[in-house]
**Student:** 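Okay, here's the structure, questions in a sec.
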Amino acid sequence: MPELPEVETIKLQLEKFLKGKKIVSVEVKSRKIFQGDEKKLIGGKVINVRRFGKVLCIDLANKYSILAHVKLTGQFIYRGPELKNEVLSEKVIGGIPGIHTHVIFRFDKGILYYNDVRRFGWVRVVKTSEVEEEPFIKKLGPEPFRGLTLKNFSEILSKSGRAIKLVLMDQTKISGIGNIYANDAFNLARIDPRTPSKNLRTEEIKNLYEAILKVLRLGIKYGGASDQYYLDARGKKGHYQEHFLVYNRTGEKCFNCGNLIKKFFLGGRGTYWCPNCQK
DNA sequence: AGTATCCTGGAA
DNA sequence: TTCCAGGATACT
């Protein structure tokens, strides 16, 4: 699920659903996923929801925060009075709650479930004052829309000779971009994802920078990409997958030039590109 | 720089 | 049955 647009979608929804509500109980079913003392959260009122790259952060008035990374298959799904009249359109694998539910947060009004099929994600209790000192958070590079300018983007790219796609997806260089949006950004910018980062020309850097902002903005606009497991906080699918430029479109036509999209592996990740217009 | 690893489910 | 999956890290 989890690239910047998906986590941003969840963030905005949780902000709306949870702000001002108090945690009544926390039920932990997996100690591997939930780290820290859930008792610290009891009675805490949600005052803020933040996002750091792909990491979600729920701040409580009692000075504790819930930090979470949903990795590939984590889902935060809210059920509460606000959704009473909404049809639950998507079936959640294993049910809600079900075999893949690992944490249940009960609020004075409403319940938040953390589901994770592959159990790669984590949910952590951290003091609010220490959130930004958490090793994972501290290492994050600047993110698009917040700190990443054309100037520092250009500097970051000039410092590495690795394939540009690996640099874009390296969260310590730039945070928030994952495999879907990286692939699509390169197609939009018409750049070969294998190009050594430092070899990009000024013009290409600018095109890539703008392409990144554009695809991420589109992702947010469509509520994220539900290619496989992603569901938003209401349990509904996003729609960016209906607008993929190259991701998961092997054998289909490039929207730029009509040639066929191909796939190869780069850094162990499926990489989709148009050999004709991404040179 | 590449590959294995944490996991499960779905598609081929 | 094998391979692949929006991530990140620990190894050769």
Side-chain angles (χ1 to χ4, degrees), chain A residues 1-11 29-35 51-56 67-76 90-95 98-102 114-124 134-141 143-144 160-186 193-197 212 215-216 218-220 222-232 237-251 263-272:
Chain A
M1 11 209 89
E3 293 183 46
L4 190 152
E6 288 74 28
V7 182
E8 179 68 11
T9 301
I10 296 169
K11 184 226 139 166
K29 295 174 181 294
S30 167
R31 285 292 156 191
K32 173 177 181 265
I33 286 170
F34 191 96
Q35 299 147 8
R51 181 184 55 72
F52 299 89
K54 302 172 187 174
V55 177
L56 194 65
L67 261 193
H69 195 317
V70 303
K71 296 286 182 83
L72 287 161
T73 60
Q75 305 169 325
F76 273 105
E90 312 299 340
K91 194 166 71 186
V92 176
I93 294 167
I99 54 167
H100 299 303
T101 304
H102 307 297
Y114 180 70
N115 258 33
D116 196 334
V117 169
R118 292 174 73 182
R119 296 188 248 153
F120 290 168
W122 48 257
V123 179
R124 234 169 250 172
E134 273 283 297
F136 188 90
I137 303 288
K138 197 161 190 174
K139 279 188 289 182
L140 292 176
E143 64 175 78
S160 173
R162 299 161 76 206
I164 178 64
K165 181 169 182 254
L166 301 179
V167 176
L168 267 205
M169 292 176 61
D170 181 342
Q171 302 301 298
T172 68
K173 303 288 187 297
I174 296 158
S175 59
I177 303 167
N179 203 26
I180 289 180
Y181 296 96
N183 276 291
D184 276 10
F186 288 118
R194 290 166 294 196
T195 311
S197 181
I212 289 165
V215 296
L216 292 178
L218 266 184
I220 294 168
Y222 290 112
S226 292
D227 189 50
Q228 292 190 22
Y229 293 89
Y230 172 71
L231 295 177
D232 67 21
K237 287 186 178 181
H239 295 279
Y240 181 72
Q241 68 279 11
E242 295 154 24
H243 305 271
F244 284 161
L245 297 176
V246 290
Y247 184 81
N248 210 7
R249 292 190 64 241
T250 310
K263 179 188 181 184
F264 65 101
F265 284 89
L266 178 60
R269 310 301 300 276
T271 301
Y272 304 83

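The analysis underlying the following values was restricted to heavy atoms, covering all of them including side chains, and did not include hydrogens, waters or symmetry mates. Within every chain, numbering begins at 1; the chains are lettered A, B, ... in the order of the sequence lines, protein sequences first and strands thereafter.
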**Student:** Under a 3.5 Å cut-off on both pairing distances, which runs of 3 or more consecutive Watson-Crick or G-U pairs involve DNA chain B?
**Tutor:**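 Only these stems qualify: B:1-6 with C:7-12, B:8-12 with C:1-5.
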**Student:** Rounding to the closest angstrom, what is the interatomic distance between dC3(C) and dT3(B) at atom C1'?
**Tutor:**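 These two C1' atoms come out 16 Å apart once rounded.
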**Student:** When all nucleic acid strands are considered with a 4.0 Å heavy-atom cut-off, which category describes Phe244(A): base, sugar-phosphate, or nothing?
**Tutor:**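 No contact at all - Phe244(A) keeps every heavy atom at 4.0 Å or more from the nucleic acid.
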**Student:** For Arg118(A), which residues count as a salt bridge (Lys or Arg N to Asp or Glu O under 4.0 Å) partner, sequence neighbours excluded?
**Tutor:**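 Applying salt bridge (Lys or Arg N to Asp or Glu O under 4.0 Å) to Arg118(A) gives none.
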**Student:** Check salt bridge (Lys or Arg N to Asp or Glu O under 4.0 Å) between Asp170(A) and all other residues, then give those that pass, not counting sequence neighbours.
**Tutor:**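 Salt bridge (Lys or Arg N to Asp or Glu O under 4.0 Å) list for Asp170(A), sorted by chain: Arg162(A), Lys173(A).
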**Student:** Please give, in whole Å, the distance from dG6(C) C1' to Asp184(A) CG?
**Tutor:**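 For the pair Asp184(A) CG and dG6(C) C1', the rounded distance is 12 Å.
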**Student:** Please list, chain by chain and in numerical order, all residues satisfying salt bridge (Lys or Arg N to Asp or Glu O under 4.0 Å) with Arg119(A), sequence neighbours excluded.
**Tutor:**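 Checked Arg119(A) against salt bridge (Lys or Arg N to Asp or Glu O under 4.0 Å); zero matches.
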**Student:** Only counting residues at least two apart or in another chain, list the ones meeting side chain to side chain donor-acceptor pair (under 3.5 Å) with Lys54(A).
**Tutor:**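 Result, side chain to side chain donor-acceptor pair (under 3.5 Å) vs Lys54(A): none returned.
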**Student:** Using a 4.0 Å heavy-atom cut-off across all strands, classify Gly121(A) as base, sugar-phosphate, or nothing.
**Tutor:**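 Answer is nothing: Gly121(A) stays at 4.0 Å or more from every strand.
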**Student:** To the nearest Å, how far apart are Glu6(A) CD and dA5(C) P?
**Tutor:**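 Rounded to the whole Å, the gap is 16 Å.
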**Student:** Does dG6(C) fall in syn (glycosidic angle within 90° of 0) or anti?
**Tutor:**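 Classified syn.
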**Student:** Give the rounded distance in Å between these two atoms: CG of Asp116(A) and P of dG7(C).
**Tutor:**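 One finds 13 Å between P of dG7(C) and CG of Asp116(A), rounded.
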**Student:** Does Lys263(A) have any side chain to side chain donor-acceptor pair (under 3.5 Å) partners at least two apart in sequence or in another chain, and if so, which?
**Tutor:**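 Side chain to side chain donor-acceptor pair (under 3.5 Å) list for Lys263(A), sorted by chain: empty.
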**Student:** Could you state the atom-to-atom distance from CD1 of Ile180(A) to P of dG7(C) in whole Å?
**Tutor:**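 Going from CD1 in Ile180(A) over to P in dG7(C) covers 8 Å.
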**Student:** Heavy atoms under 4.0 Å, any strand shown: does Tyr247(A) hit a base, just sugar-phosphate, or nothing?
**Tutor:**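 Answer is sugar-phosphate: Tyr247(A) comes under 4.0 Å of backbone atoms only.
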**Student:** Tyr247(A) vs Tyr272(A) aromatic rings, parallel, tilted or perpendicular, using cut-offs 30° and 60°?
**Tutor:**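 The rings of Tyr247(A) and Tyr272(A) stand perpendicular, inter-plane angle above 60°.
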**Student:** Side chain to side chain donor-acceptor pair (under 3.5 Å) with Gln228(A): which residues, sequence neighbours excluded?
**Tutor:**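 Applying side chain to side chain donor-acceptor pair (under 3.5 Å) to Gln228(A) gives none.
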**Student:** Nearest whole Å is fine: how far is dG6(C) C1' from His243(A) NE2?
**Tutor:**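 These atoms are roughly 17 Å apart.
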**Student:** Using the P atom as the point on both nucleotides, what is the distance between dA12(B) and dG6(C), in whole Å?
**Tutor:**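 Straight-line distance between the two P atoms is 16 Å.
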**Student:** Between C1' on dA11(B) and CG on Asn248(A), what's the gap in Å once rounded to a whole number?
**Tutor:**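 My rounded result for the distance is 11 Å.
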**Student:** Give one of base, sugar-phosphate or nothing for Asp227(A), where a contact means two heavy atoms less than 4.0 Å apart.
**Tutor:**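 Base, at least one base heavy atom under 4.0 Å.
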**Student:** Among all residues two or more places apart in sequence or in another chain, which pass the side chain to side chain donor-acceptor pair (under 3.5 Å) test with Asn115(A)?
**Tutor:**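 For Asn115(A), the residues satisfying side chain to side chain donor-acceptor pair (under 3.5 Å) (neighbours in sequence not counted) are Thr101(A).
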**Student:** Would you kindly give the CG-to-C1' distance between Asp170(A) and dG7(C), to the nearest whole Å?
**Tutor:**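 Value for this atom pair: 12 Å.
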**Student:** Using atom names, set out every protein N or O paired with an N or O of nucleotides 8-12 of chain C below 3.5 Å, distance rounded to 0.1 Å.
**Tutor:**
residue, atom, partner, partner atom, Å
dA8(C), OP1, His69(A), NE2, 2.9
dA8(C), OP2, Lys54(A), NZ, 2.9

**Student:** Check whether the side chains of Glu6(A) and Tyr181(A) place a donor and an acceptor atom closer than 3.5 Å, and report yes or no.
**Tutor:**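 Looking only at side-chain atoms, Tyr181(A) and Glu6(A) do form a donor-acceptor pair, the distance falling under 3.5 Å.
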**Student:** What interatomic distance, in whole Å, is found between P of dC7(B) and the corresponding atom of dC11(C)?
**Tutor:**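 The answer is 16 Å between these two P atoms.
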**Student:** Relative to each other, are the rings of Phe76(A) and Tyr114(A) parallel, tilted or perpendicular (30° and 60° limits)?
**Tutor:**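 Aromatic pair Phe76(A)/Tyr114(A) classed tilted.
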**Student:** Ring pair (Phe, Tyr, Trp, His ring centres under 6.0 Å) with His239(A): which residues, sequence neighbours excluded?
**Tutor:**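 Testing His239(A) for ring pair (Phe, Tyr, Trp, His ring centres under 6.0 Å), a comparison that skips the adjacent residues, returns none.
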**Student:** Return a single string for nucleotides 2-9 of chain B, one symbol per nucleotide in 5' to 3' order, where B is base contact, S is sugar-phosphate-only contact and - is none, cutoff 4.0 angstrom on heavy atoms.
**Tutor:** ----BBBS
**Student:** I'd like to check the salt bridge (Lys or Arg N to Asp or Glu O under 4.0 Å) partners of Arg194(A); sequence neighbours left out, ordered by chain and number.
**Tutor:**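 With sequence neighbours excluded, Arg194(A) shows a salt bridge (Lys or Arg N to Asp or Glu O under 4.0 Å) to Asp192(A), given in chain and number order.
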